Amino acid sequence: MTIRVLHSVFGLIAIFLLFPTIVWSQETVIAATKVGECELTVEASDRWHSLRLRAFHPRATRCDIGRESILPILDEAFSKLRSPQLERSYESLFIGRLVDYPWMCQYLANTALTDGGWDSRKGKPVAMDINKYVSSLLFRKELLSEIMAGLAKNGYSVTGISVEKVLVGGFHDVPLYQGKMFRGRVPFDAQVWLRLKKD
């Protein structure tokens, strides 16, 4: 009996190791497109009531996804989400690492540099948790207006932003940055979720 149990345990471990996406992934790819060398997809998770905008580079390097690439794939995804099989309320849109979206990184770095709530010498907020601070900078209409308008057209509003794993560095770390190399340290990357509400 013990040997059979051990065989079952080892069998399960083998399945987890060999087929992790089958075991763990409950995400459905609902839209996909090529952006340069990268594949940009929108995936839906029934389990977590969330969407994921995923930028994948075959050599595991950074993708350079512009504003103009995001809206069409979101429109395509939401048109499919209206089908009876996928229609439900989604609570978040995970966009992954900010470095895949250089225009967002540049906005974050430049805004923090001139913001009174950021200490560029120490490379941290003056009086706030860094995740909350970066969330507050990213949740601004001037940055998200086009995405907000696209989501609103599809029946969703953005109610906030959550971030984790914020990276801080110099302007030489900011993807595709071509402006003045200011001194000091600024936030330039994070894992980012847009919190959604179905209207």
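Being a predicted model, the structure only gives us computed values, none of them experimental.
- Hydrophobic clustering of Ile, Leu, Val, Met, Phe, Trp and Tyr side chains at less than 4.5 Å, counting indirect connections, keeps Ile95 apart from Val29.
- With sequence neighbours left out, Thr61 forms a side chain to side chain donor-acceptor pair (under 3.5 Å) with His57.
- For the atom pair CG of Leu74 and CD1 of Ile147, the computed distance is 7.0 Å after rounding to the nearest 0.5 Å.
- Contact between Pro125 and Tyr133 at its shortest, heavy atoms only, is CG-CB, 3.7 Å.
- Between atom CE of residue Met104 and atom CD1 of residue Ile65 there is a gap of 12.0 Å, rounded to the nearest 0.5 Å.
- Residue pairs meeting the salt bridge (Lys or Arg N to Asp or Glu O under 4.0 Å) criterion with at least one member in residues 110-128, sequence neighbours excluded, do not occur.
- In terms of heavy atoms, Gly123 sits closest to Val168 at O-CG1, 3.7 Å.
- Note that CG of Leu81 is 10.5 Å distant from CD of Glu76, once rounded to the nearest 0.5 Å.
- For residues 152-165, the set of pairs meeting the side-chain hydrogen bond (donor to acceptor under 3.5 Å, both in side chains) definition, not counting sequence neighbours, comprises Asp75-Lys153, Asp75-Asn154, Arg82-Asn154, Ser157-Asp199, Ser162-Arg195.
- For Val163 against Asn131, the heavy-atom pair with the smallest separation is CG2-O, 3.2 Å.
- Sequence neighbours left out, the pairs with a member in residues 101-114 that pass side-chain hydrogen bond (donor to acceptor under 3.5 Å, both in side chains) are Tyr107-Glu142.
- Counting only distance, with no hydrogens or angles, the side chain of Asp189 and the backbone of Val99 share a donor-acceptor pair below 3.5 Å.
- Hydrophobic clustering, with ILVMFWY side chains joined whenever heavy atoms are under 4.5 angstrom apart, keeps Leu108 apart from Val126.
- Residues in residues 98-109 take part in no salt bridge (Lys or Arg N to Asp or Glu O under 4.0 Å) pair, two or more places apart or across chains.
- The minimum heavy-atom distance between Pro102 and Leu176, with the atom names listed, is CG-CD1, 3.8 Å.
- The shortest side-chain heavy-atom distance between Phe56 and Thr41 does not fall under the 4.5 Å cut-off.
- Atoms CZ and CZ, from Phe182 and Phe171 in turn, are 6.0 Å apart once rounded to the nearest 0.5 Å.
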Q | Steps toward side-chain contact (heavy atoms from CB on, under 4.5 Å) verdict (Leu196, Val158) | A | CA-CA 5 Å; Leu196 304 179; Val158 180; 4.3 Å; yes

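- In terms of heavy-atom proximity, Ser69 sits nearest to Leu40 at O-CD2, 3.9 Å.
- Here the straight-line distance linking atom CG of Leu144 with atom CG of Leu194 works out to 6.0 Å at 0.5 Å rounding.
- None of Leu138, Val166, Leu167 except one satisfies the side chain to side chain contact (heavy atoms under 4.5 Å, CB included) rule with Pro187; the exception is Val166.
- Rounded to the nearest 0.5 angstrom, Asp64 CG and Cys38 SG are separated by 7.5 Å.
- In this structure, Phe94 belongs to a hydrophobic cluster whose other members, linked by side-chain heavy atoms under 4.5 Å apart, are Trp193.
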